Every structure is written in structure tokens, then in C-alpha cells.
Novice: 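One structure coming up, written as C-alpha cells, with questions to follow.
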Amino acid sequence: MFAPSSVFPVEEVAPGKVFPSAHMGARLAVQAVQGKSTSTNPAFSERQAEREAMVKEQIEGKYSPIRAPRVLDAMRRVPRHLFVPKSRQKGAYRDTPLPIGHGQTISQPYIVAFMTEALELAPEARVLEIGTGSGYQAAVLAELTPHVYTVEIIEPLAEMAQQRLKSLGYGTISTKQGDGYHGWKEHAPYDAIIVTCAAGHVPPPLIEQLKPGGTIVIPVGGVYQVQMLMKITKKRDHAIVSEQLIPVRFVPMTGRADKR
């Protein structure tokens with residue numbers, strides 16, 4: 001059972017800010033070390049203590065339902081401060097969303113972990129993300145499976161995320177600039193789909209591209225209201241079952257979703 005929103009913070013929409021390519025300089029300052037994980041992704045020592053504290057204090061607290069060891073470990077490994085503008089890096093490990101430019105945000109750590117756990121990813125799962133943003137969620141997913149595909153509609157964000165993920169060593173993530181409403185049919189079907197922007201309904205193409213037995217985690221609701229994070233499961237017989245998780249507030253899905 002999921003706890004009420006009074007216990008867990010609602011994802012806030014922060015105002016947009018132009019995101020310069022300052023991550024390149026930050027990347028040069030990071031100390032990459034070989035981790036003990038079987039993951040082929042890089043390990044980062046810089047600000048590791050802050051990531052440990054983030055997980056302990058914000059994500060796996062007494063009242064938190066998040067318990068999956070692989071998800072908690074992924075949150076400890078990914079350098080969140082390298083996925084936000086340089087001016088925001090100091091507060092990167094606080095439990096709050098941060099603006100990344102073009103009216104978009106990086107979700108607060110708790111929400112990232114919550115949505116990731118809800119996907120219930122197997123080690124070799126094929127997962128699609130709609131709304132790449134800065135690439136942080138995709139990097140977290142890549143700690144759980146090498147088969148990550150992510151789509152971003154805003155071209156400058158898509159380009160910066162692709163460069164950032166490549167420069168940081170996340171070489172197994174496939175990126176695309178396009179309208180996520182239509183998914184990414186070329187790589188379907190997917191075991192799981194995660195949507196990091198709110199839609200008024202679940203896009204039919206995403207359901208079509210989901211494997212039987214697969215899961216979609218998506219915020220559903222209007223732009224100027226608190227949305228509901230939904231878990232959509234396609235049963236083996238292709239029946240669709242939906243479950244309400246927690247109230248959230250995300251930036252809206254744009255493109256085709258705006259025209260419906």
C-alpha cells in the first residue's frame with residue numbers, strides 16, 4: 001500500500017532557466033573510478049557521501065515504501081550534480097526538483113526512485129523513457145539494465161542529454177529527439193515504459209508498444225492541477241489494468257498530446 005501524499009512530497013514544477021553546456025567543465029572535474037558492480041557504467045567518487053545521505057535520509061526513510069536494493073544502489077551511483085546546471089549543482093542532492101532550462105525540470109530524487117522501483121525492472125529488461133530532460137532518469141535506469149531508450153521532444157535538451165550521457169560513459173543508452181507521444185516503435189516491444197511528463201491520458205502508442213506483462217508508469221492529469229501517478233499493466237491476455245500510486249505534479253507532455 002502506498003502512503004498518502006502528506007507523507008511524501010509532491011513533485012513541484014520549477015520555473016525554466018537556460019541550461020548552458022557547463023556540464024562539460026564539471027565532467028572534467030569528476031573523479032571516475034572503477035566500481036565493483038557488474039554494470040559497465042562508470043562509477044563516480046565525487047560527492048559520494050552526499051549521495052549516500054540522499055538515499056538514507058530522503059529515499060529509504062522509515063515511512064518510505066522504496067526498498068529495492070538495486071534501485072537504492074542506482075541512486076547512490078549516479079552523479080546527480082552533473083545533470084543540473086552549474087548554478088544549481090550545490091543543491092543537487094536536496095529532495096527537490098530543479099530547473100534544467102526550456103521550462104523543464106529534473107525530478108526530485110524521491111520521485112525518481114519511486115517511479116523507477118514501480119517499473120520492477122529485470123536486469124535485462126528493455127525500457128523506454130518519455131522525456132529525457134537532462135538524462136538523469138535514463139542514467140538511473142541504465143544502472144538496472146543496459147537496454148534503455150529515451151525520447152525528448154525539445155531539441156536543445158535532447159542534444160545536451162545525448163552529449164552528457166556519452167561524455168559521462170553511459171554508452172548503452174539510446175537517445176532520440178522526437179514526440180514521445182508516439183513512443184519509439186523501432187525498438188518495441190518494451191518490458192517497461194516510464195513517462196516523466198504529465199498527460200491527460202495514456203498515449204495509445206505506448207500501450208501498443210508495451211509487451212504483454214509489461215508496465216507503464218505515468219503521471220496523468222491536467223497542467224494546472226495535481227496529477228495522479230499511475231501504474232498501467234498490460235496482462236498476458238492484453239487486458240489493461242491501472243493502479244493509482246501517489247499524487248504528483250509534473251510539467252506537461254507537449255506535441256501530439258497538446259492537440260487531443
Side-chain angles (χ1 to χ4, degrees), residues 2 32-45 48 51-52 54-56 58-60 64-80 82-83 107 109-151 161-162 164-166 168-176 180 183-196 206-218 229-236 241 243 245:
F2 293 91
V33 296
Q34 182 62 43
K36 296 181 180 180
S37 170
T38 56
S39 169
T40 58
N41 294 318
F44 299 88
S45 61
Q48 182 63 47
R51 289 194 291 281
E52 296 286 349
M54 175 188 76
V55 170
K56 181 178 180 180
Q58 302 171 20
I59 298 173
E60 60 175 354
S64 172
I66 303 171
R67 290 289 181 266
R70 293 176 65 235
V71 172
L72 297 175
D73 187 54
M75 298 299 293
R76 293 185 185 101
R77 286 176 59 84
V78 179
R80 179 177 163 89
L82 298 184
F83 289 86
S107 294
Y110 177 84
I111 291 292
V112 172
F114 186 95
M115 293 178 70
T116 302
E117 184 174 76
L119 293 173
E120 302 181 63
L121 294 178
E124 292 296 318
R126 182 178 294 259
V127 58
L128 172 66
E129 178 195 23
I130 304 303
T132 312
S134 68
Y136 178 67
Q137 175 71 76
V140 171
L141 295 172
E143 295 291 342
L144 304 177
T145 174
H147 310 295
V148 178
Y149 303 86
T150 181
V151 181
Q162 181 183 38
R164 180 180 299 107
L165 291 166
K166 182 178 180 180
L168 293 177
Y170 290 98
T172 65
I173 300 172
S174 298
T175 62
K176 174 185 176 181
W184 196 345
K185 190 174 182 179
E186 291 79 2
H187 298 287
Y190 301 98
D191 298 288
I193 299 174
I194 182 171
V195 182
T196 60
L206 301 186
I207 295 176
E208 293 170 6
Q209 293 172 31
L210 188 67
K211 282 184 181 179
T215 297
I216 299 175
V217 174
I218 177 174
L229 189 64
M230 304 293 296
K231 182 174 182 177
I232 311 297
T233 303
K234 180 189 280 189
K235 296 296 186 180
R236 300 292 176 182
V241 177
E243 176 186 359
L245 300 181

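Every value quoted in this text rests on a predicted model; they were computed, and no experiment measured them.
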Novice: Can you see whether Tyr136 has Arg80 sitting over its ring - NZ or CZ less than 6.0 Å from the centre and within 45° of the normal?
Specialist: yes
Novice: If we only count heavy atoms from C-beta on, is the Leu119 to Leu141 side-chain gap below 4.5 Å?
Specialist: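 They are in side-chain contact.
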Novice: Rounded to the nearest 0.5 Å, what separates atom CD in Gln137 from atom CD1 in Ile111?
Specialist: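 Atom-to-atom, Gln137:CD and Ile111:CD1 are 10.5 Å apart.
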Novice: Just by modelled atom types, is the Ala122 backbone N or O under 3.5 Å from a matching donor or acceptor in the Asp191 side chain?
Specialist: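 A pair under 3.5 Å: no.
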Novice: Over all heavy atoms of both residues, which pair between Ile59 and Pro109 is shortest? Give the atoms and the distance, please.
Specialist: CD1-O, 4.0 Å
Novice: Taking NZ, NE, NH1 and NH2 as the nitrogens, is one of them in Arg76 or Glu60 under 4.0 Å from a carboxylate oxygen of the other?
Specialist: yes
Novice: Compute whether any side-chain donor of one residue and acceptor of the other, for Arg164 and Tyr170, lie under 3.5 angstrom apart.
Specialist: no
Novice: Stepwise, does the side-chain contact (heavy atoms from CB on, under 4.5 Å) test hold for Val217 with Leu229?
Specialist: CA-CA 7 Å; Val217 174; Leu229 189 64; 3.9 Å; yes
Novice: Look up atom CD in Glu129 and atom NZ in Lys176, then write down how far apart they are to the nearest 0.5 Å.
Specialist: 14.0 Å
Novice: Go through the side-chain N and O atoms of Gln58 and Ser64 and say whether any donor and acceptor fall under 3.5 Å apart.
Specialist: no
Novice: Provide the closest heavy-atom pair for Thr172 versus Ala142 in the form atom of the first, atom of the second, distance.
Specialist: OG1-CB, 4.3 Å
Novice: State, to 0.1 Å, how close Gly183 and Leu206 come at their nearest heavy-atom pair, and which atoms those are.
Specialist: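 Of all heavy-atom pairs spanning Gly183 and Leu206, the closest is CA-CD2, 3.6 Å.
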Novice: Ignoring hydrogens and angles, tell me if any N or O in the side chain of Glu117 forms a donor-acceptor pair with the backbone of Ala68 under 3.5 Å.
Specialist: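 Side chain of Glu117 to backbone of Ala68, a donor-acceptor pair under 3.5 Å: yes, one is there.
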Novice: Work out which heavy atom in Gly135 is nearest to a heavy atom in Ala161; give both atom names and the distance.
Specialist: N-CB, 4.2 Å
Novice: Just so I know, are the side chains of His147 and Tyr190 near enough to count as touching, which here means a heavy-atom distance under 4.5 Å?
Specialist: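 They are not in contact (no side-chain heavy atoms under 4.5 Å apart), so the answer is no.
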Novice: So, the side chain of Thr116 versus the backbone of Val71: is there a donor-acceptor pair under 3.5 Å, distance only?
Specialist: no
Novice: Any chance you could measure Ile218, atom CD1, to Met115, atom CE, to the nearest 0.5 Å?
Specialist: 8.5 Å
Novice: Hey, does Glu124 have a side-chain heavy atom less than 4.5 Å from the side chain of Pro146?
Specialist: yes
Novice: Drop me the distance from Thr175's OG1 to Leu165's CG, to the nearest 0.5 angstrom.
Specialist: 7.0 Å
Novice: Main chain of Met75, side chain of Glu143: is a donor-acceptor contact present, judged purely on distance under 3.5 Å?
Specialist: no
Novice: Measure across Arg126 and Pro189 and return the closest heavy-atom pair with its distance rounded to 0.1 Å.
Specialist: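 For Arg126 and Pro189, the tightest heavy-atom pair comes out as CD-O, 3.3 Å.
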Novice: Can you measure from CD1 (Ile194) to CD1 (Ile216) and round to the nearest 0.5 angstrom?
Specialist: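 With rounding to 0.5 Å, CD1 (Ile194) is 11.5 Å from CD1 (Ile216).
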Novice: Keeping the roles fixed (side chain from Thr196, backbone from Ile130), state whether a donor-acceptor pair exists under 3.5 Å.
Specialist: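 The answer is yes, because a donor-acceptor pair under 3.5 Å joins these two groups.
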Novice: With a 4.5 Å heavy-atom cut-off, do Val241 and Lys235 have their side chains touching?
Specialist: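 A side-chain contact exists here, since the closest heavy-atom pair is under 4.5 Å.
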Novice: List the atom of Thr215, the atom of Ala118, and the distance in Å for their closest heavy-atom pair.
Specialist: CG2-O, 4.1 Å
Novice: Atom NE2 of His187 and atom CG of Leu128: how far apart are they, to the nearest 0.5 Å?
Specialist: 9.5 Å
Novice: Crowded around Arg67 CZ? As in, over 12 foreign heavy atoms under 6.0 Å?
Specialist: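 Correct, the count exceeds 12.
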Novice: What orientation do Tyr110 and Phe114 show, parallel under 30°, tilted 30 to 60°, or perpendicular over 60°?
Specialist: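 Tilted.
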Novice: May I ask you to test the Pro79-Arg51 pair for a side-chain heavy-atom distance under 4.5 Å?
Specialist: yes
